[in-house]
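Order of listing sets the numbers, starting from 1, for every ligand and every atom in it.
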Amino acid sequence: MMAKLFRAVIMGPPGSGKGTISERIAQSFGLKHLSSGDFLRENIAADTEAGVLAKTYIERGLMVPDHVMTRLLLPRLEEMTRHSWLMDGFPCTLTQAKALNSTCDLDLVISLNIPYETLKDRLSDRWIHPGSGRVYNMGFNPPRVQGRDDLSGEPLIQHDNDQPEALVARLRHYKDVAKPVIDLYKSKGILHTFSGTETDKIWPYINSLLSTKIPSRPETDTQHIPLP
Ligand SMILES: Nc1nc2c(ncn2[C@@H]2O[C@H](COP(=O)(O)OP(=O)(O)O)[C@@H](O)[C@H]2O)c(=O)[nH]1
Ligand SMILES: Nc1ccn([C@@H]2O[C@H](COP(=O)(O)OP(=O)(O)O)[C@@H](O)[C@H]2O)c(=O)n1
């Protein structure tokens, strides 16, 4: 077991590398990676009440309302009393941040600040394995076999709302809703912002920041624990 549980959030616009960096953090530091996008997709696939509702928003490139997100995610976080975790993509709004605040104390928030042109290029080339949420990019981390997931061999898909037409509105909306969340975490002294155009250049800074925050652990704690 880790000496102290560690709770972190990673924020950033669509395509900023939250999922990619979260996977690296999970591998290197043994935190559980909790992806709000994956939770949503699991609920959509399972046809839960929240999933059916969320689908109607995501299909139109819109944010899922706060009460749906909090109802979905907070119970999952409350179950995680014995694990250190990194939440990716939640909270997105001030209402979500306040709800999270009443559930747990965060140790750290990572905010990714990536130029628009970079986001646009990455997302138009993003391919996803819907079953697992594994993400590929035809330039950055292509699958071994074109159009197929490395582990399952199943087909990869693209999301309609990753295409440039939908992206401008998504980014504008992200900026509006994220600003007060960023201000909140800044005022708490837990916000760390990383800017750049390449994940591989940002990663060493995040890695060294986390090395100072997360106590060293026995070998057994370094493995990535898959979600239940
Ligand atoms: N070209 C390039 N693509 C990247 C880089 N970092 C991540 N990506 C890709 O960009 C896309 C968006 O990254 P993702 O981690 O899904 O971002 P998220 O939407 O913030 O979770 C994916 O296709 C990644 O494989 C990078 O440094 N360069
Ligand atoms: N806190 C959140 C997280 C995701 N979502 C929705 O879920 C979709 C997929 O989430 P994601 O984390 O995979 O999205 P990206 O930032 O990777 O594009 C987003 O495009 C939003 O429509 C949301 O409404 N609120």
Side-chain angles (χ1 to χ4, degrees), residues 9-26 33-45 50-51 53-74 76-77 86-97 99-100 110-115 117-130 132-143 149-150 156-164 166-167 169-178 181 194-206:
V9 158
I10 184 164
M11 302 178 58
S16 56
K18 300 182 295 294
T20 306
I21 289 171
S22 297
E23 278 306 308
R24 292 186 189 187
I25 294 174
H33 171 204
L34 308 169
S35 157
S36 54
D38 288 351
F39 279 131
L40 286 168
R41 285 182 280 273
E42 281 165 23
N43 274 271
I44 291 170
L53 193 55
K55 189 174 176 198
T56 62
Y57 291 88
I58 295 176
E59 276 177 347
R60 288 178 284 153
L62 300 173
M63 304 295 297
V64 178
D66 291 332
H67 70 277
V68 181
M69 292 306 294
T70 50
R71 201 172 68 204
L72 266 176
L73 290 168
L74 295 185
R76 289 298 292 266
L77 294 180
L86 170 68
M87 185 80 219
D88 155 7
F90 177 89
C92 244
T93 66
L94 192 57
T95 305
Q96 292 174 18
L100 179 60
I110 294 169
S111 171
L112 301 174
N113 182 23
I114 313 294
E117 282 302 318
T118 306
L119 299 173
K120 189 170 68 117
D121 291 347
R122 285 181 187 180
L123 289 179
S124 56
D125 232 3
R126 172 160 77 172
W127 289 80
I128 293 161
H129 175 237
S132 66
R134 272 185 289 279
V135 168
Y136 301 87
N137 179 281
M138 287 311 152
F140 180 66
N141 60 334
D149 176 50
D150 285 353
L156 302 176
I157 58 151
Q158 285 197 292
H159 287 154
D160 289 344
N161 63 6
D162 276 352
Q163 295 315 305
L167 193 58
R170 285 173 80 199
L171 289 179
R172 191 175 305 127
H173 187 66
Y174 173 81
K175 277 196 177 156
D176 291 346
V177 296
V181 182
F194 297 88
S195 305
T197 56
E198 287 174 57
T199 295
D200 287 346
K201 291 205 174 136
I202 291 174
W203 169 241
Y205 292 98
I206 296 180

Item to complete: Step through the shown structure and confirm whether more than 12 heavy atoms of other residues, nucleotides or ligands are within 6.0 Å of NZ on K120.
Response: yes
Worksheet item: With respect to S36, which candidate in M69, R76, Q96 satisfies the side chain to side chain contact (heavy atoms under 4.5 Å, CB included) definition?
Response: M69
Give one line per pair: atom of ligand 2, protein atom, distance. Only N/O to N/O under 3.5 Å.
from	atom 1	to	atom 2	distance (Å)
ligand 2	1 (N)	G89	O	2.8
ligand 2	13 (O)	R41	NH1	3.1
ligand 2	13 (O)	R41	NH2	3.0
ligand 2	16 (O)	K18	NZ	3.1
ligand 2	17 (O)	R126	NH1	3.1
ligand 2	17 (O)	R126	NH2	3.4
ligand 2	18 (O)	R126	NH2	3.0
ligand 2	18 (O)	R170	NH2	2.7
ligand 2	20 (O)	R170	NH2	3.1
ligand 2	22 (O)	L62	O	2.8
ligand 2	24 (O)	V64	N	2.6

Discussion item. Using a strict threshold of under 4.0 Å (side-chain N to carboxylate O), is an ion pair present between R24 and D200?
Written reply: yes
Worksheet item: Donor-acceptor pair, Q158 side chain versus I128 backbone, under 3.5 Å?
Response: no
Item to complete: Taking R122 for its side chain and G15 for its backbone only, find out whether a donor-acceptor pair lies under 3.5 Å.
Response: yes
Discussion item. So if I only count non-hydrogen atoms and take anything under 4.0 Å from ligand 1, which residues does that give, chain by chain?
Written reply: P13, P14, G15, S16, G17, K18, G19, T20, R122, R126, V135, Y136, N137, F140, N141, E198, T199
Worksheet entry | Residue among N141, D125, D149 satisfying side chain to side chain donor-acceptor pair (under 3.5 Å) with Y136 | D149
Worksheet item: Would you say the side chain of I110 lies within less than 4.5 Å of the side chain of I21, judging by non-hydrogen atoms?
Response: no
Fill in: Salt bridge present between D162 and R170 (N-O < 4.0 angstrom)
yes
Discussion item. If we ignore hydrogens and angles and just use 3.5 Å, is the side chain of T118 paired with the main-chain N or O of I114 as donor and acceptor?
Written reply: no
